Amino acid sequence: MGIQKEMYLEAQKYMVGGGSAGGRFNATLGQPLYMDRCEGAYLYDAEGKRYIDYHSSAGPALFGYKNPRLKKAALEAMERGFFWGYDTQETIELARQLCRIIPCAERVRLVNTGSEATLSALRLARAYTGKEIVIRFEGHFHGMHELLWYNHNGEGDMDSVGEIRNVPDGAGIPACFGDVVKNVEFNDFEALERVVERCRGKTAAVIMEPISYNCGCYPAKKEYLEKVRSLCSAEGIVLIFDEVICGYRMRPGSAQAYYGVTPDLTTLAKAIGGGFPIAAVAGKKEIMEMGGPTGPAGVSGTYSGALMSVMAALECAKMVQEPDFYDRLESIGNALYSGIDSLMKKHGIKGHVRGVGARFGLYFGVEDPEDDFNWRTVKKKFDADLNGRFLTGALEEGIYFHNYGTSPVPAHNGFGIAHSAEDIDFTLDRIDKIFKRIR
Ligand SMILES: Cc1ncc(COP(=O)(O)O)c(C=O)c1O
């Protein structure tokens, strides 16, 4: 029995499913992959095997693992006391930087996780509008709370108006929460318009991932986003961009700068802390100030704005504003995406890569890139079997793509600033071998 198997057996005696999060389970292995250490673009598992990382631990590792600048920031925080429930000069500076970088940000509230950020954004929107309904989009994911955890993986029936029946993404979600959640298809403006019409006067917010990396890489069409923006403004609905994954992923202003469409509120997490637990809700002053102590809505937490996370996040904010940061990410992305596309062609593998910034989906079985704009079409065409064989080959060859084992569409993968041209060459060489075996 290998070390991994032994650790799994031991871990299951004390930890649910042998892992500290459901998402640690890797369906390719049939267990979590236990690690020893990580550095730059590399993960080293408990047996010392090295992998080039294309998971980025679900997103935070945009700056590479054990980034020396983040380490320095964290050590400085350790020296100063590492935790206290008070703000500092650095907290103010971090908020100032976020307001500078993110177009919609006039005020910021720090929280710890993406789930807290989306929960807080909805509370602020409801407090501001005095309304309750939230409209979300099929396939998108906003965290594991009752307010929004519907129809990420499950496909509900669609009625003649275009409203899609709620399918909770797990057990334990009381039906009453779903009463104020409506789902529609992304990129179908008329469907959204009809559902808004049906819920006229009752809708607090429309929330979306402007690029839903949680569906691989499922981007909004620009014209669609512009229309959604106008509709929300006309109807007095708070438009929320959940940029928990998008944040910093492509040019610092994230998806809202990429599209030139400014939401009322945005949620940020993952890359903004470079691996330290920090998240934020940010947006228009009058909506943000519905939060305490300026307003009646509670948005607070013991660990909000913890010094170590703040100092690391401040260093991340500096790094994304340095002149060559995104040029480098884009050149890595271009080499990787075009390289995998060429290898698919070379081996006659149906599919393509879609990547925006430093995150991408591998669309095995989906030949027409136009299909990527529709979750149901991708779900029908996605070749899960081929994807599974690719992921098995990748693990063997020392390139790490995570397999949650739950998604009916491509997973989200990513890289970071620590990936070198040599790492990409190595990766493409290994993918060439894998494609040869699985085609
Ligand atoms: C778009 C989006 N929103 C919210 C969340 C929840 O973030 P967290 O896992 O930090 O609670 C995630 C997590 O993957 C996410 O991808």
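Note that this is a predicted model, so its numbers are computed, not measured. Both counts, for ligands and for their atoms, begin at 1 and track the order of listing.
- The part of His142 lying near ligand 1 is the backbone, judged by heavy-atom distances below 4.0 Å.
- Residue-ligand proximity, Thr113 to ligand 1, at heavy-atom distances under 4.0 Å covers atoms 10 (O), 11 (O).
- Remark: Arg80 engages Glu90 in a salt bridge (Lys or Arg N to Asp or Glu O under 4.0 Å) (not counting sequence neighbours).
- When heavy-atom distances to ligand 1 are checked against a 4.0 Å cut-off, Ser115 comes that close through both its backbone and its side chain.
- Proximity of the aromatic rings of Phe360 and His412 is defined here by a centroid distance below 6.0 angstrom, and this criterion is not met.
- Near Gly114, meaning under 4.0 Å from one of its heavy atoms, ligand 1 places the atoms 6 (C), 7 (O), 8 (P), 10 (O), 11 (O).
- Within ligand 1, counting atoms from 1 as listed, the ones closer than 4.0 Å to a heavy atom of Ile245 are 16 (O).
- Among all protein heavy atoms, the one lying closest to atom 3 (N) of ligand 1 is Asp242 OD2, 2.7 Å.
- One option in Lys270, Met144, His152 has a heavy atom closer to atom 13 (C) of ligand 1 than any other, and that option is Lys270.
- Using a 3.5 Å distance cut-off with no hydrogens or angles, the side chains of Thr91 and Tyr86 do not pair a donor with an acceptor.
- Contacts of Asn214 with ligand 1, taken as heavy-atom pairs under 4.0 Å, involve the side chain alone.
- Heavy-atom contacts from other residues, nucleotides or ligands closer than 6.0 Å to CZ of Phe189 number more than 12.
- Counting only N and O atoms by type, the side chains of Asp242 and Thr118 include no donor and acceptor under 3.5 Å apart.
- Note: Phe364 and Phe390 have tilted aromatic rings, judged against thresholds of 30 and 60 degrees for the angle between ring planes.
- Here's the thing with Glu209: none of its N/O atoms is less than 3.5 angstrom from an N/O atom of ligand 1.
- Summarising the contacts of atom 12 (C) of ligand 1 with Phe241, Tyr213, Trp149, Phe141, the nearest heavy atom is found in Phe141.
- Classification of Arg229 and Asp264 as a salt-bridged pair holds, one side-chain N sitting under 4.0 Å from a carboxylate O.
- Ring centroid separation for the pair His152 and Tyr150 does not come in under the 6.0 Å cut-off.
- Ligand 1 has no atom lying under 4.0 Å from any heavy atom of Glu243.
- The pair Arg194-Asp159 does not meet the salt-bridge criterion, since no charged nitrogen lies less than 4.0 angstrom from a carboxylate oxygen.
- For ligand 1, the polar-atom distance check against Gly143 finds no nitrogen or oxygen pair separated by under 3.5 Å.
- Using a 4.0 Å cut-off between heavy atoms, Glu116 makes no contact with ligand 1 at all.
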